[in-house]
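Being a predicted model, the structure only gives us computed values, none of them experimental. Hydrogens, waters and symmetry mates are skipped; everything else that's a heavy atom, side chains included, is used.
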Amino acid sequence: MVAASVSNEILSQVAPERLWKAIVKDSPSLMPRLLPELVSSIVILEGDGGVGTIRQSNFTSVAKDFTYWKDRVDAIDDQKRVFKYSVIEGGLIGKKVKSTSFELKFEPATDGGSVCKFNAEFESMEDGLPTEEVTKEIMGGMTGMFKKASISSGKGVIVSQVNGE
């Protein structure tokens with residue numbers, strides 16, 4: 001098993017406050033509407049959206065290897081616009097990765113838009129760095145959300161990096 005991380009940055013013309021609200025605060029109602037081809041629903045199973053909240057994201061048949069995942073909110077900072085969560089069940093857990101956690105950060109860009117940074121840390125099921133396919137699966141949905149949330153106001157530019165630890 002190998003611990004690794006995948007980082008992406010997306011530049012958007014949408015203000016960070018608007019993306020924070022859409023992607024973090026309103027995700028249970030908004031993501032199924034923005035990504036109906038991938039997300040069928042997001043349900044809060046426990047909590048009020050704050051730290052400790054357990055959510056279940058249900059996916060359509062587009063997600064080949066799984067139908068849902070449950071995640072737990074580990075940290076949320078409205079002022080700094082930082083959101084951390086861990087997948088605790090479903091998804092690629094037990095199939096391709098042993099554990100996965102995400103950190104999203106929304107920062108102002110110099111042009112009035114946003115720099116959306118996200119990082120996924122995971123422990124692979126096998127020895128060796130993750131394949132490109134696994135990396136794409138881990139970050140694919142997240143990238144899609146940012147693109148859809150940003151589409152009305154401009155293009156998003158994605159910069160990716162994979163790090164083995």
Side-chain angles (χ1 to χ4, degrees), residues 6-76 78 81-97 99-107 109 113-122 130-160:
V6 181
S7 298
N8 276 6
E9 284 188 12
I10 298 177
L11 307 176
S12 172
Q13 293 178 352
V14 177
E17 303 81 26
R18 289 182 61 206
L19 283 179
W20 170 259
K21 185 173 182 331
I23 292 173
V24 175
K25 297 298 204 167
D26 296 339
S27 65
S29 62
L30 191 58
M31 289 306 122
R33 291 190 320 224
L34 286 178
L35 296 167
E37 67 281 358
L38 178 62
V39 180
S40 59
S41 66
I42 299 176
V43 180
I44 294 179
L45 302 175
E46 185 179 310
D48 61 2
V51 173
T53 295
I54 306 292
R55 306 176 304 178
Q56 180 168 316
S57 298
N58 299 300
F59 300 97
T60 67
S61 60
V62 170
K64 295 179 250 174
D65 293 330
F66 54 90
T67 58
Y68 79 99
W69 79 35
K70 289 182 184 176
D71 62 57
R72 177 190 62 240
V73 176
D74 297 324
I76 188 166
D78 288 317
R81 291 184 294 275
V82 176
F83 182 63
K84 296 179 183 181
Y85 67 97
S86 299
V87 177
I88 58 174
E89 181 183 312
L92 298 176
I93 301 293
K95 296 178 181 179
K96 297 185 180 184
V97 296
S99 64
T100 307
S101 62
F102 295 91
E103 178 181 87
L104 311 176
K105 231 181 207 182
F106 302 80
E107 299 176 348
S114 302
V115 177
C116 307
K117 299 177 179 181
F118 52 105
N119 186 56
E121 293 183 357
F122 55 97
T131 64
E132 186 176 335
E133 175 189 343
V134 170
T135 301
K136 283 182 179 180
E137 284 182 78
I138 289 171
M139 298 309 283
M142 194 66 63
T143 301
M145 283 193 302
F146 279 106
K147 283 182 179 179
K148 291 279 189 166
S150 298
I151 198 96
S152 64
S153 297
K155 296 179 182 177
V157 178
I158 303 164
V159 180
S160 300

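There is a side-chain donor-acceptor pair under 3.5 Å between D74 and S86.
Interatomic distance, NZ of K70 versus CG of N58, reported as 9.5 Å (0.5 Å rounding). Note: Q13 CD to L19 CG = 11.5 Å, rounded to the nearest 0.5 Å. To the nearest 0.5 Å, the span separating SG on C116 from CG on L11 amounts to 8.0 Å. To the nearest 0.5 Å, the span separating CD on E9 from CD on E107 amounts to 8.0 Å. Between the CD atom of E103 and the CD atom of E121 there is a distance of 8.0 Å, given to the nearest 0.5 Å. For the atom pair T67 OG1 and Q56 CD, the distance stands at 8.0 Å (nearest 0.5 Å).
A heavy-atom distance below 4.5 Å is not found between the side chains of E89 and I54. Residues S27 and R55 meet the side-chain proximity criterion, which asks for heavy atoms closer than 4.5 Å. Residues M31 and I23 are in side-chain contact: their nearest non-hydrogen atoms beyond the backbone lie under 4.5 Å apart. Using a 4.5 Å heavy-atom cutoff, the side chains of D71 and F102 are not in contact. The side-chain heavy atoms of I93 and F66, taken from C-beta on, include no pair separated by under 4.5 Å. L30 is not listed as a side-chain neighbour of K21, based on a closest heavy-atom distance of 4.5 Å or more.
The closest donor-acceptor contact from the side chain of S114 to the backbone of V14 lies under 3.5 Å. Looking only at distances, no side-chain donor or acceptor of T53 sits under 3.5 Å from a matching main-chain atom of V73.
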- Message: Before you tell me yes or no, could you show the steps for F122 and V6 under side-chain contact (heavy atoms from CB on, under 4.5 Å), namely the whole-Å CA-CA distance, both residues' side-chain angles and the distance that decides it to 0.1 Å?
- Response: CA-CA 9 Å; F122 55 97; V6 181; 3.5 Å; yes
- Item | side-chain contact (heavy atoms from CB on, under 4.5 Å) assessment of L92 paired with T100 | CA-CA 9 Å; L92 298 176; T100 307; 5.7 Å; no
- Message: Run the side-chain contact (heavy atoms from CB on, under 4.5 Å) test on K25 and D78 for me, step by step, so that the C-alpha distance in whole Å, both residues' side-chain angles and the decisive distance to 0.1 Å come before the verdict.
- Response: CA-CA 10 Å; K25 297 298 204 167; D78 288 317; 2.9 Å; yes
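Of all non-hydrogen atoms in W20 and R81, the two that sit nearest each other are CZ3-C, 3.2 Å. The two atoms that bring S57 and I42 nearest to each other are OG-CG1, 3.7 Å, heavy atoms only. Closest of all the heavy-atom pairs between P32 and S41 is CG-CA, 3.8 Å.
The aromatic rings of W69 and Y85 are tilted relative to each other, their planes meeting at an angle between 30° and 60°.
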